[in-house]
Colleague: 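Before we start, here is the structure in question, set down as C-alpha cells.
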Amino acid sequence: MNIHEYQAKQLLKEYGAPVARGVAITSLDQAESAVADLPGPVRVVKSQIHAGGRGKGTFKELGPDAKGGVRVSFSAEEALANIREMFGKTLVTQQTGPAGKQVNRLYIEDGADIERELYLSILVDRETGKVSFVASTEGGMDIEAVAAETPDKIHTIGITASTGVTDADAERIADAFELSGDTREQGKTLFKSLYQAFVEKDMSLLEINPLIVTKAGDVQVLDAKVSFDGNALFRHPDIMELRDKTEEDAKEIEASEYDLAYIALDGDIGCMVNGAGLAMATMDIIKLYGASPANFLDVGGGATTEKVTAAFKIITSDPNVKGILVNIFGGIMRCDVIAEGVVQAVKDVGLEVPLVVRLEGTKVEEGKAIINDSGLNVIAADDLDDAAQKIVKAVKG
Ligand code: ADP
Ligand code: MG
C-alpha cells in the first residue's frame with residue numbers, strides 16, 4: 001500500500017525527521033486559509049498523487065508548455081493561482097503511465113533554501129536479505145539517469161537486522177553523502193530515525209528524493225515516498241487509515257476484498273489461474289504466442305465458489321478483455337469448484353468474449369462435466385500450450 005507525500009512526511013516527523021511546514025488541501029475552499037497558514041513568501045504547491053516524477057510531469061488539460069506538478073511560488077497570489085490551475089487536473093508523469101492521475105489533493109509547503117539535493121532510500125534488498133540504504137549525492141529529479149549512466153555514484157549500505165543502524169553504518173551513509181560538521185551529525189541521527197520508522201511500520205520502501213542540505217547546513221526531508229508491506233498492514237490500523245482508494249485500481253480494490261491476488265495489466269487476455277507460479281507461466285506463454293495478458297490473477301489454493309465467481313466477474317468487467325483463459329491445475333484447489341464459480345459468474349453477468357478453459361488435477365472429470373452440462377460456449381483445451389494458442393487465436397482471429 002502506498003501513501004501520499006504529505007502523509008509520509010507527517011509520519012516521519014513523528015520519528016523526529018526534519019520536514020518543512022505544510023498544509024494539505026482536498027478542496028479549493030481550503031486554498032486561501034492553507035496559503036495564509038504559511039509565512040511565505042516562498043511556498044511550494046505540490047500535487048499529491050501516488051506516483052513520482054511530478055515536478056517534470058505535465059497536465060493533460062494544460063498542454064506541454066504549462067509548468068509541472070510541483071510549483072515553487074514566490075507570493076501568496078502566485079501560490080493561489082497555481083493551486084487553482086492544478087486542482088482536479090490530470091497529471092502525467094513517467095510513473096503514472098499515459099493515462100495520468102487526477103490531482104485531488106495538493107500540499108502547500110514552506111519553500112526551502114536548497115544547497116544540495118541528495119538521494120536516499122531504504123528498501124528490502126532481496127539479494128543480501130537485508131534492509132539496505134541506497135545513497136547518492138546526485139539526488140533530485142534525474143536519479144534514474146544517474147542510475148543508468150553513472151551507477152558508481154550510487155552506494156548501497158546493508159544493515160544487519162540484529163543490530164539496526166550502528167554508528168559505523170551511519171558513518172558510512174554520511175560518507176556516501178559527503179556530509180561534514182554539524183550537517184553530518186544531523187544526518188546520522190536522521191538515518192537511525194528513518195530506519196526505526198521503516199522497521200516499526202513494516203515499510204517495503206522509503207524513498208527520500210531529495211534529501212536536502214539547506215544553505216544553513218541543516219538536513220531536511222523534501223520529498224517522501226513510502227510503500228508498506230500489504231501482508232503486515234493488519235498490524236497497523238493507523239496506517240490503514242491513510243489509504244486513499246481513489247489512487248488505486250477499482251478492480252484491484254474489489255479483488256483485495258475477496259483476498260485475491262490480482263494486478264491489472266494493459267493487455268487483452270484475461271487470465272484466471274491458481275498459484276502465482278502458474279499465473280506467471282500462463283502470462284509468459286500468452287506473450288510467446290503474440291498476445292498480452294490483461295491481468296495477473298491468482299485465485300489461490302483453497303478458493304470457494306464465491307471467490308472464484310468474484311474473480312471471474314472482475315475479469316469480465318474489464319472492457320479491455322477480449323478473451324478469457326482459465327488455467328487451473330487442481331491440487332488443493334478443486335476443478336469442480338472452479339467450474340462452478342465460472343458457471344455461476346456467467347449466469348450472473350453473461351459472457352461476451354471467447355472463453356478457453358484448461359482444467360487438470362483434482363476433480364478434473366467433475367469440473368469438465370459441470371462446464372459441459374452448463375451449455376456454456378467454452379473452448380476446451382488439453383494443456384497449457386494448447387490453451388494459450390487457442391485463446392490467442394480466438395482473440396486475434
Ligand atoms: P517529484 O519527485 O515527484 O518530482 P519532489 O517533491 O521531489 O517531487 O519535487 C521536485 C523538486 O522540486 C525537488 O527536487 C526540489 O528541487 C523542488 N522542491 C520540492 N519541494 C520543495 C520545497 N518545499 N522547497 C523548495 N523546493 C522544493
Ligand atoms: Mg522527488
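The model shown is predicted, which means the values in this text are computed figures rather than measured ones. Ligands are counted one by one from 1 in listed order, and the atoms in each one are counted from 1 as well.
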Colleague: Can H4 and D244 be counted as having a side-chain donor-acceptor contact under 3.5 angstrom?
Modeller: yes

Colleague: Any nitrogen or oxygen of A20 lying under 3.5 Å from a nitrogen or oxygen in ligand 1? Just yes or no.
Modeller: no

Colleague: Out of T166, D169, V165, which one pairs with K192 under the side chain to side chain contact (heavy atoms under 4.5 Å, CB included) rule?
Modeller: V165

Colleague: Just distances here: any N/O of G55 and N/O of ligand 1 closer than 3.5 Å?
Modeller: yes

Colleague: Can you report which non-hydrogen protein atom sits closest to atom 8 (O) of ligand 1, along with the distance?
Modeller: R54 NH2, 3.1 Å

Colleague: Can you tell which part of E109 has a heavy atom less than 4.0 Å from ligand 1: side chain, backbone, both or neither?
Modeller: side chain

Colleague: In this structure, does ligand 1 have an atom that sits under 4.0 Å from one of the heavy atoms of D110?
Modeller: yes

Colleague: Within a 6.0 Å radius of atom CD on E306, are there more than 12 heavy atoms belonging to other residues, nucleotides or ligands?
Modeller: no

Colleague: In terms of residue, atom name and distance, what is the protein heavy atom nearest to atom 6 (O) of ligand 1?
Modeller: K46 NZ, 2.7 Å

Colleague: Does A112 reach ligand 1 with a nitrogen or oxygen that is under 3.5 Å from one of the ligand's nitrogen or oxygen atoms?
Modeller: yes

Colleague: Can you tell me the protein heavy atom closest to atom 12 (O) of ligand 1 and the distance?
Modeller: V70 CG1, 3.7 Å

Colleague: Could you check atom 17 (C) of ligand 1 against the protein and tell me its nearest heavy-atom contact, residue, atom and distance included?
Modeller: L222 CD2, 4.4 Å

Colleague: Closer than 2.8 Å to the Mg ion (ligand 2): does that hold for any N, O or S atom in E207?
Modeller: no

Colleague: At what distance is the nearest protein heavy atom to atom 7 (O) of ligand 1, and which residue and atom is it?
Modeller: D223 OD2, 2.9 Å

Colleague: In terms of hydrophobic clustering (I, L, V, M, F, W, Y; side-chain heavy atoms under 4.5 Å; direct or indirect links), are L242 and M240 co-clustered?
Modeller: yes

Colleague: Distance to 0.1 Å, residue and atom name: give those for the protein heavy atom nearest to atom 26 (N) of ligand 1.
Modeller: I114 CD1, 3.6 Å

